[in-house]
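Naming: A, B, ... by sequence-line order, numbering from 1 per chain. None of the values given here were measured: they were computed from a predicted structure. Heavy atoms only: backbone and side chains are in, while hydrogens, waters and symmetry mates are out.
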Amino acid sequence: MTGPPPSGGKALAEIIAERRRKAELLQQAGTPAWGVDFSPSLTCAQAAEQAPGEPEQLGDEARVAGRILRLRSSGGIAFADCSDASGTLQLLASRDDPENDLVDQLAELDLGDIVGAEGRLTRTRRGEPSLRLVRLTLLAKSLRPPAAKTRGLVNVEQRYRRRYLDLLSDPSQREIFRQRTEVIRALRRALDERSYLEVETPVLQPIPGGGAARPFRTHYHSLDSDLYLRIAVELYLKRLLVGGFERVYEIGRTFRNEGLSPRHSPEFTLLEAYQAYADLGSMKELCQDLVAAAAAAAPLADGVQTEQGAISLEPPFPSQTMSQLVHQLTGLDLDLLWEKPERMVEEAGRLSVEVAADASSGTVLYAIYEQLVEPNLSGPLFVTDFPVEVSPLARLGPDPRFVERFELVVAGRELANAFAELNDPIDQRRRLQEQARLRSAGDFDSQPFDEDFVEALEHGMPPAGGIGIGVDRLVMLVTGAQSIRDVILFPTLRPQSGEGQVGEEAQSPSAP
RNA sequence: GCCGCCAUGGCGCAGUGGUAGCGCAGGGGCCUUUUAAGCCCAGGGUCGCAGGUUCGAAUCCUGCUGGCGGCACCA
């Protein structure tokens, strides 16, 4: 035996050794255990469908390929359940057939082996569609025992760390990720149909702007400069509006150096779309259409469930201002209090909402909304009129205390965020300078100043609407997933000891 | 980062102070239509890691590692 010692205990080592021995015996007999080509003529599901209607009747010839999930043998007859992406088909070998050695061949397979099977379609006495074998080809010997024969993997850590085991032992897990892809396709289709142009902007950015979040930092050796993984794509897409594109969007991975939770992943998929000459109402319509398209792409049997019960994602969604929502919950007369931020701070304290003693009225309003209102909103609901203090990139509304912005809230969570984009370069410069001031005062979540972006605005950006949608959360919603890790194939986990010690890649002499 | 819960053969689990068991998987055997097939036999474990308490620790205590949940940060 060569190769690395198998991980795990003695029993596992013995199982692996036994399987390797089988593979070697086969190879010595001239039967390769890996690397053989095989072209199926039907999927397992198609073959099952084409099986003859009557028991023990022989039908068409067929070739299928798949993984052996279960084996049963009964003296002179052997059965195997063969599974491919489409479903499962039973394989059958009988001593009564001329190829009676197939009974032993089939029985000697191990669970997890991948085979190509050729024979005639039939149906057993109990009515099970089956392939009566005339030839069996081993395509890939499995050296490790299957994690789970019937139920899927239960151990959550294993499911995330070794997702392939989760996927192969539980078809419903594969279905979730297939639906994820369908949702993203539906989003693309909806935007493409509206003449949006899909673009790609830098993931590595010298100045990480466009959102309030702490970035990941990395270093590019060739230019000997620090770069940041993007926290948003906003500032680049707006530059494209300056450049004359009128409808652009990007769906891509975005990175935020923040805590992990069932709703937060350090890398997540963000959709951002910008449309020149669009007002906030148009963005609401776009938002509704995108959410409805996503829901239609992954239809749940029992509808979309939230902690507050079943909800409909059928447009149109209602709107309410943040001030209305806070007033309804607390009874506070915000107009009366607004000029006295210290009174607002007091009221917040009374409501057990913690804010800085010198917080402005807008900041306090937002804090009360976030902590007391948003978590209890079932939605879907557009929350509008955000305080200017928490919206440095949005255009002022008719009431200059607020900006033209909405968030779509579903199940107590922010699903989308949109605003009428600020295109006043003088105001934008002032607001970004304020952000930069906060940042240098130690607030890592505030945005650094981006001179090039402001300069782009100085060339003139058309008035525009913009929207951002958290795609992972949208997928969670429409698939009923409870954790964001359940909709990310390989979620970020702490490296196990021994991992995460890659060393300095720049030392590699073969680095390009 | 803080708090709580969890970690027992490959997988799923039982075992709350007396030295570890069950089902599946794996090995040997029986069985000519099975469906998570069935039946018989024999295996497989330093109970996550390291200390401590005790005559005796899977079990109690401490630390560490990893996971989950909550808080904080945020989408």
Side-chain angles (χ1 to χ4, degrees), chain A residues 6-19 21-22 55-56 69-81 88 90-97 100 103 106-107 110-112 122-130 132 142-162 165 169 211-214 231-232 254-272 354 370-371 374 407-409 413-417 443-445 468-474 476 482-485 491 493-499:
Chain A
S7 61
K10 193 174 150 204
L12 176 60
E14 281 166 4
I15 291 168
I16 293 172
E18 174 65 20
R19 289 179 173 227
R21 196 181 58 79
K22 280 193 191 178
E56 305 200 70
L69 295 188
R70 284 171 290 270
L71 283 165
R72 302 173 287 280
S73 72
S74 170
I77 195 162
F79 303 91
D81 291 343
T88 301
Q90 179 170 271
L91 309 181
L92 181 166
S94 168
R95 285 239 193 272
D96 295 339
D97 290 344
N100 51 28
V103 175
L106 197 61
D110 288 306
L111 300 190
T122 184
R123 199 172 283 272
T124 63
R125 283 176 202 163
R126 302 279 286 272
E128 182 73 22
S130 304
R132 191 156 186 150
S142 169
L143 294 181
R144 285 178 181 266
K149 182 178 171 185
T150 52
R151 297 158 284 204
L153 267 189
V154 169
N155 184 305
V156 178
E157 184 174 356
Q158 289 265 35
R159 288 189 43 229
Y160 297 152
R161 267 193 214 284
R162 304 207 280 171
L165 294 180
S169 66
R214 192 169 182 172
I231 60 166
T254 309
F255 307 85
R256 298 193 179 178
N257 206 341
E258 288 160 356
L260 231 44
S261 90
R263 291 163 295 281
H264 299 83
S265 167
E267 55 177 303
F268 63 104
T269 300
L270 182 65
L271 160 67
E272 286 194 46
E354 277 187 42
E370 259 205 321
Q371 292 184 38
E374 189 184 58
E407 284 189 358
L408 176 64
V409 178
R413 293 173 202 159
E414 173 189 335
L415 198 65
N417 182 15
D443 178 3
F444 289 106
D445 291 338
I469 296 179
V471 173
D472 310 276
R473 288 184 177 180
L474 181 59
M476 283 173 69
Q482 293 302 303
S483 167
I484 198 168
R485 298 180 198 96
L493 295 180
R494 192 181 293 275
Q496 289 173 309
S497 54
E499 286 183 330

Margin query: Counting the atoms with a prime plus P, OP1 and OP2 as sugar-phosphate, which does Ala212(A) contact under 4.0 Å by heavy atoms, base, sugar-phosphate, or nothing?
Written below: sugar-phosphate
Next item on the list: Taking atom P in both G70(B) and C64(B), compute the distance separating them and give it to the nearest angstrom.
Entry: 23 Å
Next item on the list: Could you tell me which non-hydrogen atom of Leu270(A) sits nearest to which non-hydrogen atom of Ala232(A), and how far apart they are?
Entry: CD2-CA, 4.2 Å
Item checked: Strand partner of C71(B), provided both Watson-Crick or wobble distances fall under 3.5 Å -> G1(B)
Check: How close or far is atom P of U35(B) from atom CG of Asp81(A), stated in whole angstroms?
Finding: 11 Å
Margin query: Would you measure the distance from the C1' atom in C11(B) across to the matching atom in G45(B) and give it in whole Å?
Written below: 15 Å
Check: Which residues pass the side-chain hydrogen bond (donor to acceptor under 3.5 Å, both in side chains) test with Glu272(A), sequence neighbours left out?
Finding: Tyr274(A)
Check: Should C39(B) form a Watson-Crick or G-U wobble pair with both distances under 3.5 Å, which nucleotide is its partner?
Finding: G29(B)
Next item on the list: Sequence neighbours left out, what passes side-chain contact (heavy atoms from CB on, under 4.5 Å) with Glu157(A)? Give chain and number order.
Entry: Asn155(A), Arg161(A), Gln496(A)
Checklist line | Verify stack between Phe79(A) ring and A37(B) base, 5.5 Å, 30 degrees | finding: no
Notebook entry, point to check: What is the per-nucleotide protein-contact pattern of nucleotides 67-72 of chain B, from the 5' end, where B denotes a base atom under 4.0 Å from a protein heavy atom, S denotes such proximity for sugar-phosphate atoms only, and - denotes neither?
Noted result: SSSS-B
Margin query: When the P atoms of A37(B) and A20(B) are compared, how many Å lie between them, rounded to an integer?
Written below: 32 Å
Next item on the list: To the nearest Å, give me how far apart CZ (Arg123(A)) and C1' (U33(B)) are.
Entry: 14 Å
Note to self: Suppose you measure atom P in G48(B) against the same atom in C39(B); what distance do you get, rounded to whole Å?
What the structure shows: 32 Å
Item checked: For atom CG of Asp97(A) and atom P of U33(B), their distance in whole Å -> 14 Å
Item checked: Rounded distance (Å) that lies between atom C1' of U34(B) and atom CD of Glu56(A) -> 13 Å
Item checked: Donor-acceptor pair (no angle test) under 3.5 Å: Arg70(A) side chain, U34(B) base -> no
Checklist line | For Thr269(A), side-chain hydrogen bond (donor to acceptor under 3.5 Å, both in side chains) partners two or more places apart | finding: Arg180(A)
Next item on the list: To the nearest Å, give me how far apart CD (Gln90(A)) and C1' (U33(B)) are.
Entry: 8 Å
Next item on the list: List for me each residue that meets side-chain hydrogen bond (donor to acceptor under 3.5 Å, both in side chains) alongside Glu128(A), sequence neighbours excluded, and say none if there are none.
Entry: none
Notebook entry, point to check: Within this structure, what is the CG-to-C1' distance between Leu71(A) and G38(B), rounded to whole angstrom?
Noted result: 15 Å
Checklist line | Between P of G66(B) and CZ of Arg162(A), the distance in whole Å | finding: 17 Å
Checklist line | Partner nucleotide of U53(B) by Watson-Crick or wobble geometry (both distances under 3.5 Å) | finding: none
Notebook entry, point to check: Which part of the nucleic acid, if any, lies within contact of Glu128(A), taking any heavy atom under 4.0 Å across all strands shown: a base, the sugar-phosphate backbone alone, or nothing?
Noted result: base
Item checked: Whole-angstrom distance between U62(B) and A75(B), as gauged at atom C1' -> 39 Å
Check: Is Arg256(A) reaching over with its side chain to a backbone N or O of Ile231(A), donor-acceptor style, under 3.5 angstrom?
Finding: yes
Notebook entry, point to check: What is the pairing partner of G45(B), taking Watson-Crick or G-U wobble pairs with both distances under 3.5 Å in any strand?
Noted result: none
Check: Counting just side-chain N and O atoms, does Arg126(A) come under 4.0 Å of either OP1 or OP2 of U35(B)?
Finding: yes
Item checked: Sugar-phosphate only, base, or nothing, as touched by Gln158(A) at under 4.0 Å among non-hydrogen atoms -> sugar-phosphate
Note to self: If you compare every side-chain N and O of Arg72(A) against the phosphate oxygens of U34(B) (OP1, OP2), does one of them come in below 4.0 Å?
What the structure shows: no
Checklist line | Residues in side-chain hydrogen bond (donor to acceptor under 3.5 Å, both in side chains) contact with Ser261(A), at least two apart in sequence or another chain | finding: His264(A)
Notebook entry, point to check: Would you say the base of U32(B) and the side-chain of Ser74(A) have a donor-acceptor pair closer than 3.5 Å?
Noted result: no
Checklist line | Protein-nucleotide distance (Arg132(A), atom CZ; U34(B), atom C1'), rounded to Å | finding: 13 Å
Check: Taking for each residue the nucleotide of RNA chain B with the nearest heavy atom, is it Arg125(A) or Lys22(A) whose nucleotide lies nearer the 5' end?
Finding: Lys22(A)
Check: Can you tell me how far C1' in U19(B) sits from the matching atom in G27(B), rounded to whole Å?
Finding: 28 Å
Note to self: Using 0.5 Å steps for rounding, measure from the OG atom of Ser130(A) to the CD atom of Glu56(A).
What the structure shows: 10.5 Å
Next item on the list: Name the pairing partner of G9(B), where a pair is Watson-Crick or G-U wobble with both distances under 3.5 Å, or state none.
Entry: none
Notebook entry, point to check: Glu414(A) side chain to Glu407(A) main-chain N or O, any donor-acceptor pair under 3.5 Å?
Noted result: no
Checklist line | Partner nucleotide, any strand, of A58(B) [Watson-Crick/G-U, under 3.5 Å] | finding: none
Margin query: What's Ser73(A) touching, base or sugar-phosphate or nothing? Going by heavy atoms closer than 4.0 Å.
Written below: base
Margin query: Looking at Arg263(A) and Asp472(A), is any side-chain nitrogen of the basic one under 4.0 Å from a carboxylate oxygen of the acidic one?
Written below: no
Notebook entry, point to check: Between C47(B) and U16(B), how far is it from one C1' atom to the other, in whole Å?
Noted result: 14 Å
